[in-house]
Enquirer: 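The structure follows.
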Amino acid sequence: MGNSHSRSNRARSPAVKRAQSSTSRLLRKLSCISASSLDGLSDVTTEIDEKGTIRERDRLTAVTPPGIDPDIEMDNAYSDFIDAYPEYQNTWIVDSLRRSEFTRLAHSGETYVDYMGGSLYPESLVRSHSDFLTRSVMGNTHSVSNSSRLSATRVAEARNAVLRYFKAPADYTVIFTSNATAALKLVGESYPFSPGGSYVLGVDSHNSLNGIRKFASDGGARIRYLRSGRHGGFDEAEVKSVLSDHSPSDCSPCLFGLTGLSNISNSKYPLSLSAYAQSLGYHTILDAAALAATSPISLEDNPVDAMAISFYKMFGFPTGVGALVVKESFLKVLKRPWFSGGTVDVVQVPGSLVTMTHDSHEQFEDGTINYLVLPAITQGIRFLSTYMPFLPVRLSALLRYLTSQLEQLRHDVNGAPVVRILSQRSMRRVKEFGDQSDTGFTISMIFLAPDGTMISNSFVEYTASQQKISLRTGCVCNPGGAAVILGIEEDMNLLYPGVTLKDFERRVGRELGVVRISLGLVSSFADVYKVMQFASAFASGRTRMELWKVWDEARSRHHGRH
């Protein structure tokens, strides 16, 4: 690794020096973290002196990604990468984090590039939560025993941690749900849709937002979709015009559903649109499931009426827990379609009288909340808030490099492109801590044969799995966004009641969906390099045919068993 190591003695550019100054401030913050808060952090912070200075041997690891191959080709590739993106070196603390908290990646040999599907959890978060459970007696929060009071206290701590993390003003509360989808459903089923009202949302929305249209339609409200550009994104003038045309009239409630970050087009949608919609009389709900994993969100600056999140998307553990972060005033607008244990104070039986519980959040938390895992949220948020400042700089460099490398791939037989990138490309390079990217950190693409036809996503996904690469293919629960970037919006008109995906694919004449690479919390150059090596294999006609033969034999064996 001689080329990489010698780089530590070069004169630093002014931009790098400024970034290193920001790094020192962040490292001082890291050094103040209590080892008891997350065990694994102590392995990182002990390598920082009292001035927040990186020791020389750590400067060497700063330019050597974890698990790097001694092969000269990769060494040279990393050297070229650092030449182009020197700011990446200032995120070395994430490499240390990966070594101490994500050892299973090295042990398994898996290259994980599906962070949009779910983040990876730090091992100390699971250990510390397990230790807490083994030494604590936790009871149902609906009781008043000692064990119940402990549970209630920990749940309240988690609720407050969520509010602090998102900088929520005093008029917000947190309703714990099973995931972001359940949080969005909670709003959809309770919102007073009626004739004369509207539900406005983007075409580039997750099915969890799309699903609210069923409640809107049943209530007699109009449904209006906002168009996306070829690679996602809004024409803001057009959006404002549509919102204005469908704004509340004669007091009929109207709801605006905004996606913070598309899980397929990689587009970040301006949260300021919620403020505009509110000025017209709309209620607003933000689907922040994808956005919250790599971008800070301030409800003080963007006071939407409600926001849906999933914690496994943010820091990997626990799954099966999400939240609706919501204004108390908005909860008064919602009308629950039923009641259950935990949401009520008095129920007349037989009879029809019901008195809901006093606490507004409890009125919406059906049954018993997941009190055994909610304490882990407090630690998870502490963990994520520590490393969030490093992510935009790190992931911006990795994504821009990977995008440029993929675009250069050409087939050996005729020089035709190997991939077509369909998702939004970032126009802003993030070099300094505190800056934010104008997009997410996802690439949605299709692989192409030398004649320009699409290579089957199923073949690509199988081949990736054989090389221990975890990626995602398909329409990723975002049919509108997929149709836009694939250019098949008109084909949506061909759908009919009862149609299946296979029927639709036969009608269109090809497999639908994309190959999605999404970067996140501990993505590294080694991950990006592995993806590049994988994609490069499709450029060779001979290699591609060999891979196809393996896939074909695997399919034959599978069909033989069934």
Side-chain angles (χ1 to χ4, degrees), residues 36-39 118-119 121-166 168 172-187 189-190 288-289 292 306-326 328 331 334 336 338-347 355-385:
S36 62
S37 64
L38 280 177
D39 317 57
S119 188
Y121 55 82
E123 289 150 18
S124 64
L125 176 58
V126 179
R127 286 196 305 269
S128 61
H129 185 62
S130 176
D131 290 344
F132 169 74
L133 290 179
T134 56
R135 66 175 185 269
S136 304
V137 179
M138 305 278 283
N140 192 309
T141 54
H142 295 148
S143 299
V144 293
S145 63
N146 291 334
S147 58
S148 297
R149 282 200 298 271
L150 175 61
S151 297
T153 298
R154 295 300 189 182
V155 168
E157 289 174 355
R159 213 181 299 273
N160 290 331
V162 173
L163 292 171
R164 285 194 304 271
Y165 181 72
F166 291 111
Y172 279 84
T173 188
V174 174
I175 297 168
F176 288 117
T177 63
S178 57
N179 47 39
T181 293
L184 293 169
K185 178 177 180 286
L186 195 61
V187 173
E189 68 182 8
S190 304
M307 179 179 73
I309 55 173
S310 281
F311 295 108
Y312 76 94
K313 292 283 184 75
M314 296 169 64
F315 39 80
F317 175 85
T319 58
V321 182
L324 185 71
V325 188
V326 57
E328 298 267 11
L331 290 182
L334 304 182
R336 298 302 313 277
W338 77 314
F339 61 87
S340 64
T343 66
V344 294
D345 186 26
V346 175
V347 178
T355 301
M356 302 301 287
T357 186
H358 173 72
D359 290 331
S360 57
H361 61 261
E362 288 188 353
Q363 295 176 17
F364 291 82
E365 289 176 340
D366 298 331
T368 299
I369 55 178
N370 198 340
Y371 60 87
L372 287 181
V373 301
L374 286 175
I377 291 172
T378 305
Q379 293 179 309
I381 285 177
R382 184 182 300 127
F383 170 85
L384 183 61
S385 62

Enquirer: For R149, is there any backbone N or O sitting under 3.5 Å from a side-chain donor or acceptor partner on T153?
Expert: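 Side chain of T153 to backbone of R149, a donor-acceptor pair under 3.5 Å: yes, one is there.
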Enquirer: Are the side chain of S190 and the backbone N or O of V187 linked by a donor-acceptor pair below 3.5 Å?
Expert: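 Absent.
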Enquirer: Just to verify, what does E328 make a salt bridge (charged side-chain N to carboxylate O under 4.0 Å, His left out) with, not counting sequence neighbours?
Expert: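 Partners of E328 by the salt bridge (charged side-chain N to carboxylate O under 4.0 Å, His left out) criterion come out as none, since no residue qualifies.
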Enquirer: Measure the spacing between CD of Q379 and CZ of F317 and express it to the nearest 0.5 Å.
Expert: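 Result: 9.5 Å between the selected atoms.
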Enquirer: Kindly compute the distance separating OG1 (T173) from CG (L331), expressed to the nearest 0.5 Å.
Expert: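 Those atoms lie 7.0 Å apart.
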Enquirer: Taking the side chain as every heavy atom from C-beta outward, state whether F176 and L374 have any pair of such atoms under 4.5 Å apart.
Expert: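 They are in side-chain contact.
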Enquirer: For S385 versus Y165, what's the shortest heavy-atom pair and its separation?
Expert: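 Heavy-atom minimum between the residues: CB-CE1, 3.7 Å.
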Enquirer: How long is the span from the CD1 atom in I175 to the CG atom in L186, to the nearest 0.5 Å?
Expert: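 If we round to the nearest 0.5 Å, I175:CD1 and L186:CG are 5.5 Å apart.
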Enquirer: To the nearest 0.5 Å, what is the distance between CG on L184 and CD1 on I309?
Expert: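 Here the interatomic distance stands at 11.0 Å.
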Enquirer: Is any side-chain heavy atom of Y371 closer than 4.5 Å to one of H142?
Expert: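 No - every pair of side-chain heavy atoms lies 4.5 Å or more apart.
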Enquirer: Going from CG on L384 to CZ on R382, what distance comes out if it is rounded to the nearest 0.5 angstrom?
Expert: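 So the gap between those two atoms works out to 12.5 Å.
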Enquirer: What distance separates E189 CD from L334 CG, expressed to the nearest 0.5 Å?
Expert: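 The distance works out to 9.5 Å.
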Enquirer: Check whether any side-chain heavy atom of R154 lies under 4.5 Å from a side-chain heavy atom of T378, and answer yes or no.
Expert: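 A side-chain contact is absent here, since even the closest heavy-atom pair is not under 4.5 Å.
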Enquirer: Taking the side chain as every heavy atom from C-beta outward, state whether H129 and P318 have any atom pair closer than 4.5 Å.
Expert: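 Result no, sub-4.5 Å side-chain heavy-atom pair not found.
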Enquirer: If you look at every heavy atom in I377 and A158, which pair is closest and at what distance?
Expert: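 Closest pair (atom of I377, atom of A158, distance): CB-CB, 4.3 Å.
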Enquirer: If you count the non-hydrogen atoms of other residues, nucleotides and ligands that lie under 6.0 Å from OH in Y121, is the total more than 12?
Expert: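 12 or below, so no.
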Enquirer: Using a 4.5 Å cut-off on heavy atoms from C-beta on, say whether the side chain of T177 contacts that of F364.
Expert: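 Side-chain contact under 4.5 Å: no.
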Enquirer: Taking all atoms of both residues into account, what is the closest heavy-atom pair of A180 and A308, and its distance?
Expert: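 Of all heavy-atom pairs spanning A180 and A308, the closest is O-CB, 3.8 Å.
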Enquirer: Could you check if a side-chain atom of L150 sits within less than 4.5 angstrom of a side-chain atom of V137, using non-hydrogen atoms only?
Expert: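 The answer is no, as the side chains (C-beta and beyond) never meet within the 4.5 Å cut-off.
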Enquirer: To check you understand the geometry: which heavy-atom pair defines the closest contact between S119 and M314, and what is its length?
Expert: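 In this case the closest contact between S119 and M314 is OG-O, 3.8 Å.
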Enquirer: Test V174 against every option in V162, N160, V326, L324 by the side-chain contact (heavy atoms from CB on, under 4.5 Å) rule and name the one that passes.
Expert: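 One option only clears the test, and that one is V162.
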Enquirer: Can you give me the closest heavy-atom contact between T319 and G316, atom names plus distance?
Expert: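 Smallest interatomic distance, heavy atoms only, reads CG2-O, 4.1 Å.
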Enquirer: Do the side chain of S148 and the main chain of N140 share a donor and acceptor less than 3.5 angstrom apart?
Expert: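 Checked: pair present.
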